[in-house]
Every structure is written in structure tokens, then in C-alpha cells.
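Okay, structure first, notes after.
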2 protein chains.
Amino acid sequence: MSRLTIALDAMGGDFGPCVTVPAALQALASNPALNIKLVGNPSDIQPHLNQCDSTILERLQLIPAELMVANDAKPSQAIRNSRGTSMRIALELLKEGEAQACVSAGNTGALMGLAKMMLKPLDGIDRPALVTALPNQKGGKTLLLDLGANVECDSDMLVQFAIMGAVMAEEILQINNPRVALLNIGEEETKGLDNIQAAAAILRNVQQINYIGYLEGNDLLTGETDVLVCDGFVGNVTLKTLEGVVRVFLSLLSSGKRKRLWWMKLISYWFKKSLSKRFGHLNPDRYNGACLLGLRSSVIKSHGAANQQAFTVAIEQAVQAVERQVPTQIAARLQAVLPKSE
Amino acid sequence: MSRLTIALDAMGGDFGPCVTVPAALQALASNPALNIKLVGNPSDIQPHLNQCDSTILERLQLIPAELMVANDAKPSQAIRNSRGTSMRIALELLKEGEAQACVSAGNTGALMGLAKMMLKPLDGIDRPALVTALPNQKGGKTLLLDLGANVECDSDMLVQFAIMGAVMAEEILQINNPRVALLNIGEEETKGLDNIQAAAAILRNVQQINYIGYLEGNDLLTGETDVLVCDGFVGNVTLKTLEGVVRVFLSLLSSGKRKRLWWMKLISYWFKKSLSKRFGHLNPDRYNGACLLGLRSSVIKSHGAANQQAFTVAIEQAVQAVERQVPTQIAARLQAVLPKSE
């Protein structure tokens with residue numbers, strides 16, 4: 001196996017192979033070191049490969065899978081019936097060392113559950129967490145985790161999330177000594193829930209983490225921190241609130257209804273385009289791909305509705321996670337910070 | 001006492017009497033039935049009254065208070081040292097029946113704490129909740145509660161919030177049979193935290209509430225529901241996330257830096273103004289005023305940074321709460337829904 005092989009669930013997402021296969025070919029074309037194992041129904045995938053250059057096809061391997069996890073299936077049920085599905089086979093490739101990362105746009109709950117069940121967590125990690133990089137006002141990015149892998153978290157888990165986030169900020173965002181904050185409802189030490197206060201007490205004493213204290217929801221996009229840590233319930237609601245508000249704005253931008261003269265329409269079009277460009281970095285499609293951290297290999301969840309460009313971004317995230325050896329780096333940092341952890 | 005008297009903490013907020021007194025005069029001028037008791041330091045307030053019409057001054061009573069709660073004081077400390085402050089004296093007027101509602105732009109934690117301590121909760125209410133009306137995409141409003149009065153909530157509290165929200169939607173927003181949803185991380189029944197699932201099980205069997213199920217963060221502004229219920233931690237983070245994102249957009253709107261010809265600047269100005277108008281209803285200043293529900297009188301918390309217009313909106317909210325007898329209506333509904341509640 002090449003040292004850079006990604007397993008791709010070709011059947012997941014709203015559009016399946018129509019999006020995932022062209023995205024895979026695009027990623028292969030732009031990165032000559034990359035190999036992809038495409039898992040799915042050959043008869044659905046093959047038509048998208050006909051026109052493809054042979055130098056690219058050499059690095060693409062088709063792994064047949066006859067079944068797929070339904071996007072709307074209950075996660076528990078989907079996991080029970082997952083044998084033979086493209087999602088599960090893609091994860092099995094990780095487990096067997098045939099690939100170093102996996103990308104899927106399929107059923108989120110099923111992917112999280114299957115990944116946790118099949119891939120071992122790193123030593124010192126109780127539960128893996130889902131993280132994404134949000135664009136901030138200062139032109140940088142802020143990592144937000146957990147986004148919903150764990151609806152309830154104790155203080156130890158929040159500390160582990162902080163460590164994983166810090167390593168990812170260093171390795172993927174290339175931020176030196178990244179700032180880490182806990183999401184809370186006020187900045188005073190006495191604010192918030194017990195688990196958050198207990199996590200803060202631990203983080204204040206961890207030398208290897210640049211812990212800066214509590215931040216509030218309105219700091220999500222201000223760039224006040226590089227890593228923002230919360231439990232999965234709060235993270236999920238926060239991310240979805242953010243996405244909902246951004247979509248309202250983008251829809252308002254294109255919703256003018258008044259009658260205008262042709263030159264006003266032209267100017268209006270030009271101006272909206274320039275504004276859309278300026279707001280564009282906040283569009284959820286642009287930061288597609290959440291990473292499940294804390295396992296021995298990286299699993300990237302793409303938005304189900306991702307288009308080709310967005311799905312390519314998710315594949316590139318997986319490539320970065322492999323190249324920068326994120327799991328290994330996290331394991332090393334955990335050893336340094338929590339030497340006696342279970 | 002007139003039947004419509006509002007006690008006003010004139011000293012609270014970032015600007016104190018500079019904002020609160022002109023706002024009080026504006027509210028009095030537009031509502032001839034309104035009486036206001038203005039609580040604060042007479043020497044700070046008097047200069048703002050000099051030019052005022054005598055027919056308005058007749059309905060304004062100045063209640064001296066020499067002290068004030070510092071905006072940045074720790075709530076617990078502020079409450080201990082609250083005797084003689086404008087905030088506390090305003091709440092005492094409520095307690096003694098000298099006013100039916102209170103408005104303050106002062107220290108949120110202190111106001112919530114003092115109000116809960118001094119004013120009795122309604123029968124059937126364990127803890128009061130903070131609620132605000134957010135503008136939604138359908139041109140209506142969605143009530144979100146709790147916004148932070150209670151960081152932890154059991155299922156009974158969530159049910160009580162749902163009932164209070166439904167009554168407020170009927171009485172204040174004039175919505176017939178308002179839809180009530182619980183904020184969660186997925187729409188399936190099995191999703192989310194135990195307290196939310198338990199609250200859902202209760203609400204499904206309450207005839208008097210039009211419970212429609214779970215909604216997610218991205219539905220905050222879509223108008224899918226009239227009332228959205230969550231615990232105070234999640235509500236606070238959600239509201240602040242929303243406000244943060246809106247402020248980023250509004251700042252992006254006015255941040256263009258490229259050099260342009262004069263006529264392009266003119267068109268750009270005209271276009272930005274029209275967009276700001278269209279986005280304006282999402283500006284946090286426009287929906288100023290969160291209401292503490294569940295007490296025998298209404299307490300309205302204004303944003304600390306409210307300007308005169310925004311503070312007037314908060315006073316008008318208090319007037320509405322009194323006119324529509326929100327506390328009495330909530331008490332009646334509670335009796336009907338939870339006859340055997342403690």
C-alpha cells in the first residue's frame with residue numbers, strides 16, 4: 001500500500017457517485033502522490049470513469065460493495081444492518097491498514113457509530129470527537145469541537161477535546177502555540193456548568209496547552225481563539241445555528257423583488273456578486289468536512305448535500321490529516337500531558 | 001396607583017440616564033395611559049427632564065436611589081450589596097404592588113437573581129425563564145427560551161417553559177394555537193439528552209399545547225415554530241451565536257475598502273442602505289428586551305448597550321406584558337395543564 005491512501009464511500013450523500021467519483025478524480029489529478037480506494041456499486045461508478053485519463057485510473061481502485069446505508073436510516077438500525085455496505089467496507093479498509101483515512105458523505109450517526117465501533121480510540125481518549133474549522137473574522141480559522149459525537153461530556157472528555165483540538169490547530173492550521181478556550185455563558189470563572197468549571201481547573205494547570213479561559217457564543221467567528229471546546233449537544237446546536245443564520249443572509253442577498261431598470265439590475269447583480277464573494281467564506285459549503293478525532297485513523301464526514309467542489313475539500317482534509325499524521329501527533333501529546341491516563 | 005405603571009431602573013446599562021430618561025419620555029408621549037416610576041440619582045436624571053412638557057411630567061415620578069449595581073459586578077456580590085440600588089428599589093416597587101412591571105438595562109445576572117429572590121414565582125413554576133422574540137424568515141417571530149436564567153433544567157422545567165412560551169406567543173404575538181418545539185440535535189424521537197426526551201413525552205400528552213416535536217439550530221430563524229424551548233445554557237449560547245453572526249454580516253456589509261469612482265460610491269451607498277434595511281430586522285438592537293417569565297410581575301431586561309430607540313422597545317414590551325396580563329394568563333394555563341403540580 002502507498003503511504004497516502006484514502007478509502008472513499010462512493011455511495012454516501014445526497015448525490016452518490018455523481019458527486020463522489022468526479023471529486024475523487026479531481027483530487028487524484030491535483031495530487032500525484034494520492035491513491036484512492038473507491039467503495040461502492042461498480043455499475044453506478046463505472047460510467048463516471050469512462051473518459052478518465054489512464055495515469056489517474058492507475059491510482060484508483062474500485063472496491064465493490066453492493067449495499068449502502070440509507071441517508072435517513074436510524075443510526076442504531078443502520079449499524080446493525082451495515083454488513084456489506086460501502087460505508088462499512090470503507091471503514092474496514094482503515095481497520096485492516098489498507099487505507100489511512102476514510103471520507104463519507106453518508107448518514108452521520110451511522111458513520112460516527114460504526115467508526116467508533118470498528119476503529120480503536122487512541123490511548124488516553126475516552127470518546128472521539130467531531131471537529132470542524134470555521135472561518136473567522138480575522139481571516140483565520142477556529143476549530144470547534146465536539147460537534148455532536150458525544151451529547152454528554154464530563155470534564156475529562158472536555159480536556160481531551162482541548163488537547164486534540166490544540167494538536168489539530170498546530171498540525172493542520174499551522175498555528176504555533178494555539179489558543180484554546182471553553183465555550184461558556186460568561187467569562188467569569190464561576191460561570192456555567194460543573195463539568196466546564198472542572199475542565200477549566202484542569203486546563204489551567206496543563207503546561208502544554210495555551211488555555212485562555214471561557215468564551216461566549218458571539219466569539220465563534222471573532223478569531224479570539226484558535227480552538228473552542230464544548231460538549232457535542234452545544235456544539236451541534238451552535239454549528240447549526242451558525243449555518244442557519246448564514247443561509248438566511250445568503251438567501252436575503254438574492255431575494256430582492258422590486259422592479260428595476262436594466263442598468264440598475266446590472267449594477268445590482270455586480271454588487272451582489274461582490275458581496276457574495278465577501279460573505280462566501282462563511283458559506284457552509286466552503287468549509288465542508290468534519291473530522292472525527294481520537295481514533296487511530298482519520299474519518300472525515302462530508303455534508304450530505306456536498307457538491308463536487310465541497311466533496312473534494314473533504315478529501316483534501318483527509319489527505320492533510322494523513323500527511324500531518326494527526327492521530328500519531330495526538331497520541332504523542334496525550335502521552336506528554338496525561339502520562340497516567342487509563 | 002394607575003393600572004399601567006412601569007418601574008424603570010434609570011441608572012442601568014452602558015449609558016444610564018442619557019438613554020433611559022429620553023426613552024421613558026418617548027414612551028410616555030406615545031402612550032397617554034402609561035405611568036413611569038423612574039428610579040435613580042435625581043441629580044443625574046433631572047437635567048434630562050428640564051425641557052419636558054408638563055402633561056408628560058405629570059405621569060412621571062422620580063424615586064430617588066443613591067446607589068447603583070455596577071455593570072461588571074459579580075452577580076452574587078452585586079446581590080449581597082444591592083440595598084439602596086436603583087435596580088433593587090425598582091424591583092421593590094413591583095413587590096409592593098406600586099408598579100406592574102420593571103425594566104432595567106443593568107447587570108443581567110444581578111437582575112435575574114434579585115428578581116427571583118424578591119418576586120414570588122407563580123404556582124406550578126419551579127424557576128422563571130428568560131425569553132425573547134426573534135424575527136424569523138417568514139416575517140413573524142419565534143420565542144426562544146430559556147436564554148440563561150437556568151443553566152441546568154429538568155424535564156418538568158422544560159415543560160413549564162413550553163407552557164409559558166405558548167401563553168406569551170398567544171398573548172403578545174397574537175398567534176392562535178402557537179406551535180411549540182424543543183431544540184435538539186436531530187428530529188428523531190430517540191435523539192438528544194434524557195431531560196429533552198422526557199419533556200417531549202410529557203408535551204405529547206398535553207392537550208392544551210400544540211407540541212410539534214424537535215427542531216434543530218438551523219430552524220431558529222426559519223419560522224418552523226412559534227416557540228422554541230431549551231435549557232438556559234444552550235439558549236444563551238444559541239442567542240449569542242446568532243447575534244455574533246449577524247454582527248459579522250452587518251460589519252462585512254460596511255467594510256468595503258476598494259477605491260471607487262464617485263458614482264460607484266453613490267450606488268454602493270444606496271445599495272448597502274437597501275440591504276441593511278432588508279437585514280435590519282435581524283439586528284439585535286431591533287428586538288431588544290428579554291422578559292423574565294414565571295413571576296407574579298413582569299421583569300424586562302434590556303441590552304446594556306441599548307440606545308434610546310432600543311430602550312423604548314423594551315419599555316413597550318413591559319407595557320404589553322402588563323396590558324395582556326401575561327403573568328395571570330400563564331398562571332391560568334398552568335392551573336389547566338398541571339392541576340396537581342406542586
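Letters A, B, ... mirror the listed sequences (proteins, then strands); counts begin at 1. Just so it is clear, the model here is predicted, and its values are computed rather than measured.
Scanning for salt bridge (charged side-chain N to carboxylate O under 4.0 Å, His left out) contacts around Asp226(A) gives Arg179(A), with sequence neighbours left out. Among residues two or more places apart in sequence or in another chain, the side-chain contact (heavy atoms from CB on, under 4.5 Å) test is passed with Ala314(A) by Val103(A), Asn288(A), Ile300(A), Ser302(A).
Taking the side chain as every heavy atom from C-beta outward, Met87(A) and Ser82(A) never approach each other to under 4.5 Å. Inter-residue side-chain proximity for Leu242(B) and Leu239(B) is flagged as met; some heavy-atom pair is nearer than 4.5 Å. Contact annotation: the side chain of Ile202(B) approaches that of Asp156(B) to within less than 4.5 Å [non-hydrogen atoms, C-beta and beyond].
For the side-chain hydrogen bond (donor to acceptor under 3.5 Å, both in side chains) with Asn136(B), the qualifying choice from Thr142(B), Thr225(B), Thr222(B) is Thr142(B), the only one to do so.
Leu215(B) does not touch chain A: none of its heavy atoms, backbone or side chain, sits under 4.5 Å away. Within the 4.5 angstrom heavy-atom criterion, atoms from both the backbone and the side chain of Ile185(A) approach chain B. Contacts between Asp219(A) and chain B at a heavy-atom distance below 4.5 Å are absent for every atom of the residue. In this structure, the portion of Leu220(B) lying under 4.5 Å from any heavy atom of chain A is its side chain and not its backbone. Contacts of Leu147(A) with chain B are absent, with no heavy-atom separation under 4.5 Å from either backbone or side chain.
Of the listed residues (Asn184(B), Leu193(B), Val151(B)), the greatest number of heavy-atom pairs within a distance under 4.5 Å of chain A belongs to Leu193(B). When Thr238(A), Thr108(A), Asp194(A) are compared by the number of non-hydrogen pairs under 4.5 Å with chain B, Thr238(A) comes out ahead.
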